[in-house]
Amino acid sequence: MMSEKDYEQQQLIDVFATFDEMIEIEVPTKAQLTSVMMEHESKHRKAIIKECMLFLFIACFVLVALMTILLETPIIFIVVQIGILCFLPFMYKLERHHQDEGELLS
Amino acid sequence: MKGVLLDVQRIKEEQRWIKQAQLGNKDAFTELFHMHYSFLYKYLLKVTMSRELTEDIVQETMLKCYDNIRRYNGRSKFSSWLITIATRLYIDILRKQKREQIWLKHEKIVFTRQLKWQMQTDNLQWLEVMDMMTKLDAEVRMAILLKHYYGFSYDETASILKMKTGTVKSKVHYGLLALRKELKNDERKGL
């Protein structure tokens, strides 16, 4: 003979079991799962590269600042450094543009 | 006997895939996750009461599991490990902004309606206790679900939910009391 508590627990289990039976699931294919994983990996890789770039940039900046202070470098040195840093993205864009044109021609 | 043999075979296969996935084999991981997909989805749907949210958390769980598969030490079942990751992801979502909470409530109502309608079309009786189950606080529902449906101990449930054992016990107790009330109301209405 089932006690009242057991009976109630059994009813509860039955409710959950009914939920499970009724739920229809579209299980994705293995190829879909793999593609999600690949996408995640590529995002992860890009994030790591970005972090490394940021780290290197800050490290260089600190190094330059230290050198400037320790070696008492003239102010023009800092101006040239900042100028190059500002100019760098344009150089990069220009280079990519050239590369794209080259690919189109070939 | 045949069922037991199948289970043993399944566990062996699972262990083989876990080992290979830990060595970096993507296909093995896919097989492993594919094997547990329905189980995880059903668990999350009972917890979140929202298909959209369930799909999001299943995907997040998969990616988290993929990133951390080397950390799985085999002390618990792989499915329990998945449940732990998924539950913690859901708890994080619950603790987020209030705006999302309102959306979650709306999703729950929509899903309950769909479920009611489906039960009616399948000629199944919608019990008040089901309504009550959906209305329970998510943490209480998770505690009851893990303890009474999935058969975890209080300590295991507490570790999955990142709570103290005493807190889990009181949540289960409170939840069961509320459900018991509804069960009695159901019976009275039945009479």
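Chain naming here is simple, since letters A, B, ... match the order of the sequence lines and numbering starts at 1 in each.
Between A/Thr34 atom OG1 and B/Lys26 atom NZ the span is 9.0 Å, to the nearest 0.5 Å. Note: B/Lys42 NZ to A/Phe16 CZ = 14.5 Å, rounded to the nearest 0.5 Å. A distance of 11.5 Å separates CD in A/Glu26 from OG in B/Ser38, rounded to the nearest 0.5 Å. Atom CG of A/Leu33 and atom CG of B/Leu63 lie 10.0 Å apart (nearest 0.5 Å).
Cluster membership for A/Leu56 and A/Ile84, using ILVMFWY side-chain heavy atoms within less than 4.5 angstrom, is not shared. Hydrophobic clustering keeps A/Ile49 apart from A/Tyr92 (ILVMFWY residues linked when any side-chain heavy atoms are closer than 4.5 Å, directly or through intermediates). At a threshold of 4.5 Å between side-chain heavy atoms, the hydrophobic network of Ile, Leu, Val, Met, Phe, Trp and Tyr places B/Trp17 and A/Val27 in one connected group.
For chain A, no part of B/Glu55 is nearby; none of its heavy atoms comes within less than 4.5 Å. Of the atoms belonging to A/Gln32, not a single heavy atom falls under 4.5 Å from chain B. Residue contact with chain A, scored on non-hydrogen atoms closer than 4.5 Å, is absent for B/Met35. Heavy atoms closer than 4.5 Å to chain A are found in the side chain of B/Leu45, but not in its backbone. Contact annotation for B/Tyr43: neither backbone nor side-chain heavy atoms come within less than 4.5 Å of a heavy atom of chain A. Contact annotation for A/Ala17: both backbone and side-chain heavy atoms come within less than 4.5 Å of a heavy atom of chain B.
By the 4.5 Å heavy-atom criterion applied to side chains, B/Tyr37 and A/Ile25 are counted as neighbours.
In terms of non-hydrogen atom pairs under 4.5 Å with chain B, the most contact-rich of A/Ile23, A/Ile13, A/Asp20 is A/Asp20.
Looking at B/His34, its side chain does come within 3.5 Å of a backbone N or O of A/Pro28 through a donor-acceptor pair.
Taking the six-membered ring for Trp and thresholds of 30 and 60 degrees, B/Tyr66 and A/His40 have ring planes more than 60 degrees apart, a perpendicular arrangement.
Under a 4.5 Å side-chain heavy-atom criterion applied to ILVMFWY residues, the cluster that includes A/Met38 comprises that residue alone.
Counting non-hydrogen atoms of other residues, nucleotides and ligands closer than 6.0 Å to OH of B/Tyr154 gives a total above 12.
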